[in-house]
Amino acid sequence: MNRRLSKLTIHFGERDRVEGGLLADALFEDFARHGVHTSVLLRGVEGYGLRHHLRTDRLLTLSEDLPAIAIAIDEPDRIDGVLDELPGPTATGLVTLEKVGAGGDGVDRKLTVYLHRRQRLNDGPAYVGVCELLRRRGVGGATALLGVDGTVGGGRRRARFLSVNSDVPMMVVAVGSAESIAGAADELERALEAPLLTTEPVRVLKRDGDGVGELSAGRDEVAWQRLTLYSSESATVGGHAVHHELIRRLRREGARGATAVRGIWGYHGDHVPHGDRLLQLRRRAPIVTTLVDAPDRIAAWLEIADELTPERGLITCEGVAVLGPQAVAS
């Protein structure tokens, strides 16, 4: 985990096409051809991009081009090689690049644990065991996100219909103090077989209704900002899930774009780890909503997120490097 790695993140629409095929296929074929150690494709449940076309799985007519997020992790030289041959349009998508795996400054850290579906820990699914370990170690929150495509050890692993998809990658994203993250990471490295763990500095701005950090701290004129809200589908405002209201408000007020991804398991604060269960009247799955924008605009979007989370939710912010046309777009 002390190695310095590069993390490439690409936001796009699942129906985006390039050279007669889907952009997602082209991306992950490219990752496999370059031997990218770990990559994962996350399918969003709601969001919009620079063109402000809303897509959501709640409405059939708006669910045909859901947002997607591709994440690739490897040595900087290999990721640079991927960037040199990056397929597909980037004018309406979003491409960010981050350095991960270093200690960094600040009291808060984000830990990402990359797994695959068949992994086991403590006689159960690894993602459940990882969340339990993180909670026991005092980490503030964690969310397990299921991938639908990716690479493991440089080989492509794609989810297919009517298949157990046991090798398809997934990830657990956790946020906590530097001390709790360090302790949890050390234990996870012993408990998991050949794990890939990355850490990044992050600033916790709000936790379950209490403001705990300042947005201005750590900002600079170069890095853009990623604002992330960790919530649950059971958390509502005005009769709608918080992530839905946040995306609606951001779109109305002119934010560049936002994407919500549904997790399969997770917790925040003192809440017991949970996911969806059969025969539930209301979904309880964790939701991760992210947006990236210029530093001078993030404060306005934080105000909206703050207003929609009076009692529950975790809000964080981190600096990112934006590549391509959006980096200079007004």
Side chain to side chain contact (heavy atoms under 4.5 Å, CB included), that's the test. Do H243 and V288 meet it? Break it down for me.
CA-CA 8 Å; H243 74 277; V288 180; over 6 Å; no
Looking only at heavy atoms, which two atoms of V202 and R109 are closest? And how far apart?
CG1-C, 3.5 Å
Between CD1 of I10 and CZ of F31, what distance do you get to the nearest 0.5 Å?
4.5 Å
Search all heavy atoms of V204 against all heavy atoms of D108 and return the closest pair with its distance.
N-OD2, 3.1 Å
With side chain to side chain contact (heavy atoms under 4.5 Å, CB included) as the criterion, how do W224 and T96 come out once you've worked through the C-alpha distance, each side chain's angles and the decisive distance to 0.1 Å?
CA-CA 9 Å; W224 283 41; T96 67; over 6 Å; no
How far apart are the closest heavy atoms of A24 and L41, and which atoms are they?
CB-CD2, 4.2 Å
Give a yes or no on whether the backbone of I298 and the side-chain of D293 come within a donor-acceptor separation of less than 3.5 Å.
no
Just how far is it from atom CG of L146 to atom CD1 of I264, taken to the nearest 0.5 Å?
4.5 Å
Can you find a heavy atom in the side chain of L134 that is under 4.5 Å from one in the side chain of L111?
yes
Anything under 30° is parallel, anything over 60° is perpendicular, the rest tilted; go ahead and classify W265 against Y127.
perpendicular
Between L97 and S6, the two heavy atoms sitting closest are CD1-CB, 4.2 Å
Test side-chain hydrogen bond (donor to acceptor under 3.5 Å, both in side chains) on K110 and T199 and set out the steps.
CA-CA 5 Å; K110 180 170 75 173; T199 63; over 6 Å; no
Would a distance-only check, ignoring hydrogens and angles, find a side-chain to backbone donor-acceptor pair under 3.5 Å from S231 to G313?
no
Are any non-hydrogen side-chain atoms of R120 and P125 less than 4.5 angstrom apart?
yes
Under a 3.5 Å distance rule, please check whether R207 uses its side chain to pair with a backbone N or O of D210 as donor and acceptor.
no
Report yes or no: do L22 and L94 belong to one cluster of Ile/Leu/Val/Met/Phe/Trp/Tyr joined by side chain heavy-atom distances under 4.5 Å?
no
Are any of the side-chain heavy atoms of V128 and P273 separated by less than 4.5 Å?
no
R251 side, atom CZ; L291 side, atom CG - distance, nearest 0.5 Å:
15.0 Å
Determine whether a donor-acceptor pair (N or O, by modelled atom type, separation under 3.5 Å) exists between the side chain of S180 and the backbone of R137.
no
So does R190 pair up with E187, basic N to acidic O under 4.0 Å?
no
Without swapping roles, check the side chain of K206 against the backbone of D306 for a donor-acceptor pair under 3.5 Å.
yes
Look at the side chain of T38 and the backbone N and O of I73, then say whether any donor-acceptor pair between them is shorter than 3.5 Å.
no
Salt bridge or not for R55 and E14, using N-O below 4.0 Å?
no
Looking at E19, I want to see if its CD is surrounded by more than 12 non-hydrogen atoms of other residues, nucleotides or ligands under 6.0 Å.
no
Are more than 12 heavy atoms, taken from residues, nucleotides or ligands other than E179, located less than 6.0 Å from that residue's CD atom?
no
Indicate yes or no: at least one non-hydrogen side-chain atom of E85 is less than 4.5 angstrom from one of R33.
yes
Would a hydrophobic clustering, with Ile, Leu, Val, Met, Phe, Trp and Tyr connected at side-chain separations under 4.5 Å, put V18 with L27?
yes
Would you call Y114 and I71 a side-chain contact if the rule is heavy atoms closer than 4.5 Å?
yes
For D208 and R312, which heavy atoms make the closest approach, and how far apart are they?
OD1-CA, 3.6 Å
Once you round to the nearest 0.5 Å, how far does CG of L66 lie from CG of L42?
13.0 Å
When you group the ILVMFWY residues by side-chain heavy-atom contacts below 4.5 Å and let the links chain together, are V100 and V152 in the same group?
no
Determine whether a donor-acceptor pair (N or O, by modelled atom type, separation under 3.5 Å) exists between the side chain of D16 and the backbone of L23.
no
Are T143 and H268 side-chain neighbours, meaning at least one heavy-atom pair lies under 4.5 Å?
yes
Considering only heavy atoms from C-beta outward, does the side chain of L227 approach that of L205 to under 4.5 Å?
yes
As an exercise, state the distance from CD of E233 to CZ of R262, rounded to the nearest 0.5 Å.
4.0 Å
Mind listing the closest non-hydrogen atom pair of G44 and T259 along with its distance?
CA-CG2, 4.4 Å
Between atom CE of M170 and atom CD of Q119, what is the distance when rounded to the nearest 0.5 Å?
9.0 Å
List the residues meeting ring pair (Phe, Tyr, Trp, His ring centres under 6.0 Å) with Y267, not counting sequence neighbours, and say none if there are none.
none
Same cluster or not: V139 versus L197, using hydrophobic residues (I, L, V, M, F, W, Y) connected whenever any side-chain heavy atoms lie under 4.5 Å apart?
yes
Would you say that L5 contacts E75 through its side chain, given a criterion of any heavy-atom pair below 4.5 Å between the two side chains?
yes
The single option from E303, H244, E307 passing side chain to side chain donor-acceptor pair (under 3.5 Å) against R249
E307
May I ask you to decide if L250's main-chain N or O and Y48's side chain share a donor-acceptor pair within less than 3.5 Å?
yes
Should R156 and D25 count as an ion pair when the cut-off is N to O under 4.0 Å?
yes
